[in-house]
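Atom set for the values below is all heavy atoms of this structure, side chains included, hydrogens, waters and symmetry mates excluded. Chain identifiers are assigned alphabetically (A, B, ...) following the order of the sequence lines, protein sequences preceding nucleic acid strands; residue numbering begins at 1 within each chain.
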Amino acid sequence: MTTNNDYAKNGEYKPIDMLACAAAKEVNDGDVVFAGTGLPMLAIALAQLEQAPNAVCIYEAGSVDGRPIDLPTSVGDSRCAYQASIAAGLAETFYGQLHCGYVDLAFLGGAEIDMYGNVNTTVVGDYAAPKKRFTGSGGNPDINSLAKRTVFIMLQEKRRFKENVDYITSPGWRIHRWPSGEWVHKKEVYGNYFFGGPTAVITNMAVFRFDEDGLMYLDSVHPGYTVEDVKENVGFDLNVSRVNGATSPPTYNQLDLLYKKVDPEGIFLP
Amino acid sequence: MTTNNDYAKNGEYKPIDMLACAAAKEVNDGDVVFAGTGLPMLAIALAQLEQAPNAVCIYEAGSVDGRPIDLPTSVGDSRCAYQASIAAGLAETFYGQLHCGYVDLAFLGGAEIDMYGNVNTTVVGDYAAPKKRFTGSGGNPDINSLAKRTVFIMLQEKRRFKENVDYITSPGWRIHRWPSGEWVHKKEVYGNYFFGGPTAVITNMAVFRFDEDGLMYLDSVHPGYTVEDVKENVGFDLNVSRVNGATSPPTYNQLDLLYKKVDPEGIFLP
Amino acid sequence: MARFEKITLQEAAGLINDGDFLSFSGFTIWRRPMALIYELVRQQKKDLHLFEVNGGTHTEVLAGAGAIKIWESCWVGHELYGKLGEGIARGQVEGSIIVEDYSHAQVVARQLAGAYGLPFFPTALSMGTDILNPKYDMLSKAGLRDGSNPKIPVKKYDVIKEPFFGNGEILMMPAVNPDWALIYASQVGDEGTVRVFSQTYVDAEVVKAADKVIVIAEEMVPDNYLRQEPEKNLAAGYAIDYVVECPWGAHPTGSQFFYDVDADFIRQFYQVSKSKKAFDEWADEWIFGVSGHEEYLDKLGINRLQNLRANSVLGYSTTVKRGTR
Amino acid sequence: MARFEKITLQEAAGLINDGDFLSFSGFTIWRRPMALIYELVRQQKKDLHLFEVNGGTHTEVLAGAGAIKIWESCWVGHELYGKLGEGIARGQVEGSIIVEDYSHAQVVARQLAGAYGLPFFPTALSMGTDILNPKYDMLSKAGLRDGSNPKIPVKKYDVIKEPFFGNGEILMMPAVNPDWALIYASQVGDEGTVRVFSQTYVDAEVVKAADKVIVIAEEMVPDNYLRQEPEKNLAAGYAIDYVVECPWGAHPTGSQFFYDVDADFIRQFYQVSKSKKAFDEWADEWIFGVSGHEEYLDKLGINRLQNLRANSVLGYSTTVKRGTR
């Protein structure tokens, strides 16, 4: 007999489903989550329907604890403010909530990441003469700065997991102290504002975490992939000594929730 | 024939009526006025009914351009917010409006004043071991700091018009630059934030103004009083060389408005 | 996010220790957490450290009871119904209360910094006043700026040369983060969303700046209702820790759209606040003489309270006599 | 307080000079003053200096038209309907646009300082990022931080040792005070009171920080109506200078409770934004090919617009197809 809580088998779910479900697991009940557009929205919505009914979501455009009945397409969407506890603006979310210290968990994306969890969403190449421009920082580095834990959701590609990112848009565990440029632990730069940092990176292939020194290691590999597959898609020397087995795949119930309740219109889930 | 715009005769009005009417004349049409509780409320309300229908009033507790249909008893009163353009809080009024630079005219009170327009509303005697405590600054010095013009409404007594006030609560034209304590023009301390300063003091006896050097002089004397009367009630050497005749008394129309429209309940007008 | 705990007034006051650092909702004689203030006096709290915008009747009740050690603020009085803060004034003159004066907007600067988690907030307001005279830094005089109390900054203020536009010097006020925010709110939802009516004063900042928040609510309502107009709400449920449902909890101060200020009550209180002896007699009657909030309301009586009831359209009482005519 | 002047879109755009420093209401693809943006392109404005939170379609229209000289911001794209800001990216890569990057909250810090008249605003957000790498201060590289332009601070940021609590260093961001705020508002009262629906973004701060404010209003309503709920309003009449009544003025961006984002329009625009040639053809059709806003609406047609109409309860369209299912 198959119950709703059984795991789906390989082929019964898409890579993006796996990503969303693995990410959702990072949410503890009661967390105050500050999330970006896209996959983070799926993850937080799914978590709220499962293990974290009391998790609360803040979107930078101005909504606190909204309860969208239709999935927002962006954090600026009025859908975010439906049945929200507060609808205000950026001063409220960035300063009145985030800088105030309320945020437990950040859910963010990134184009490139290094082994310290530094993320680039700005340019490819030298910033002063870039080869390619991405969207830019948005709230990514802000949310990541002061959240107690940050989970990055990314695509697994060698060119995205780099020894050094071309531009540190969002601060990991080792960063520069500007304007001098010293390379130090985040704690050194943030002082009393050091609340935490990146705790996980979730991709279409694996889950990565960070050790006591703030170095990324491989935690679990998604079904269908091997440790070697992951290593081949990481551009730096990845610590695989702490691999903790396979990531649990989505359950039938999760897939059901994702496609029928969270994103029935197929906005992020094709 | 007596018309409504004729001046009332001595004995037909009270000193407080004179004060309110003289103060109301300081409001220009279109002024953004930041007013305190009490007589300032009468003055701005009267001005709005007469020459300044487009004057706008901000109260520090959080209302912008309220249109009370019943006279507020304090700036925190919900009456202030009736038909207001904005009802918010102190961050909005002090920073979003005043510090932002919108305020043309401040209407304030004071317990003591010196010849530079420095006002004390804090203590009698040495602050570190005071003889008497007043209410304290409230928003008086803030509003006075950045308004383009400030009008003080006060009682005329020798002990209130002092060579040196016991404590500078609210900044006049000559102030200390702290922490060093240098005695300098307001301009020196405020720099680019120098927008103006006290322009008039209105009492139950007279109207005082400030010259180019920021020194108080007697401008006009209310009907029933002489220059000598005023001088006897001022504790410093008052410049009377620029006296401009008698202050116009209230008109019948003004008295009518004050008692029938502005304060029919007799809250400030006994 | 831990969901708030619903407790009683007695339990709420019991959480506050002697010496704690408190801040309050409201402004002068509006939306003060009076029922909780009375209970603090009933439980004989001492050595309290207060930080607030324009103080009012609640300040004076605590001052009269001898509960205040440090008062950091800018103003105290009862508006039209009592010119001065007699208890604070007496404490300052006698030296039993350490008074640290600011301007109103400097208080707000400290609260904004505290609410936003910033170490300081710049302001040009009230530069050049004796508020900044180093001689008059009373916490420093009392030896309390030695860094041993993390809630008291080592400097009252700082002045820095603005580095960006050549605008000269500007004042910087340190953040304030009291132990407790004692809040009276118009409505609290069953999930903790907080709303206040009319001007919001610094209520939102006071909630955010404090380590812990106790809200006494005029009424508890479905959160869904408050969430229909989220732009009107003050705080999310996770920002508050304890809630007491407490109708008329702001009396004798006013609560817009519920009841007006009880002017007669405050006038009478102002008279007794002028001497310790008169205050004690008054407290024996109105605080110690009643077992709690319900008996206090009984003593006031329905007709007195009904007269204060706000007109539901205007938000204030149209029946209470306010002036001389 | 001078009462605002009611003008036309053509007149509004005519007020803007080449080289002016602009800021905008809205966020990414929401509540952008698009009708005015189109008119700026129609009037061939050049060398504009933009300062904004997350940019969007309006930024890209100006970038495509070659109207931007300096772009100070933190993000540009069309959300789900166009991943990148192709015009800005092309400008940055080619060197035709000076791009000065911040984090989002650093942009907000600059706007808050500008709105509050403060010279700077402290923040701990995004310390340690390459945003603060002095090598990447592009306005400095371009020689524009020499103090000759009072709108460009002599430093991109400063770091100071916090003097009050021994909390270490903190970042300070300079105020921004653009020449113009170009605002799209949901409602403007006949006396100029401004209201926007749903999240307010930084609209209030953008209004306050600018020297002059032009509002294009979805609808004009009696001020009395807006004053019944003053806690919902964004700005008082004296804060704004010019008003254009302009229904559908935010199209193709969304306006909560009026209409949803025109996803198809933006998707199509995103495709053409990838090359100058395609943009020019698009602009010939949609900007230069129509005489003004009314002809633009005619060209869109009633059925397309009706499909975007917001459900009056939910605030967004429930008929527009958003996803793949």
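- Taking all atoms of both residues into account, the shortest heavy-atom contact from A:Ser85 to C:Thr193 is OG-OG1, 2.7 Å.
- Top candidate by heavy-atom pairs under 4.5 Å with chain A, chosen from C:Leu234, C:Leu226, C:Asn224, is C:Asn224.
- Of the N and O atoms on the side chains of A:Gln97 and C:Tyr238, at least one donor lies less than 3.5 Å from an acceptor on the other residue.
- To the nearest 0.5 Å, atoms CZ (C:Arg227) and CG (A:Asp65) are separated by 4.0 Å.
- Residues passing the side-chain hydrogen bond (donor to acceptor under 3.5 Å, both in side chains) test with A:Asp213, sequence neighbours excluded: none.
- With a 4.5 Å cut-off on non-hydrogen atoms, A:Leu105 does not touch chain C at all.
- For C:Ala209, no part lies under 4.5 angstrom from a heavy atom of chain A.
- Of residues 70-84 of chain A, those residues lying under 4.5 Å from chain C by any heavy-atom pair are A:Ala81, A:Gln83, A:Ala84.
- For C:Tyr225, the ring pair (Phe, Tyr, Trp, His ring centres under 6.0 Å) test picks out no residue, with sequence neighbours left out.
- Side-chain atoms of A:Tyr193 come within 3.5 Å of backbone atoms of C:Gly117 as a donor-acceptor pair (strictly under, hydrogens ignored).
- Evaluation of the side chain to side chain contact (heavy atoms under 4.5 Å, CB included) rule for C:Asn149 yields C:Lys151, C:Ile152 as partners, not counting sequence neighbours.
- Interface check for chain C: of the options A:Ala88, A:Ser63, A:Gly66, A:Gly96, the most heavy-atom pairs under 4.5 Å are formed by A:Gly96.
- The shortest non-hydrogen separation linking C:Lys208 to A:Cys100 is O-SG, 3.6 Å.
- In this structure, chain A has heavy atoms under 4.5 Å from both the backbone and the side chain of C:Ala236.
- For the atom pair CG of C:Leu118 and OH of A:Tyr95, the computed distance is 7.5 Å after rounding to the nearest 0.5 Å.
- How far NZ of C:Lys232 is from CD1 of A:Ile86: 15.0 Å, rounded to the nearest 0.5 Å.
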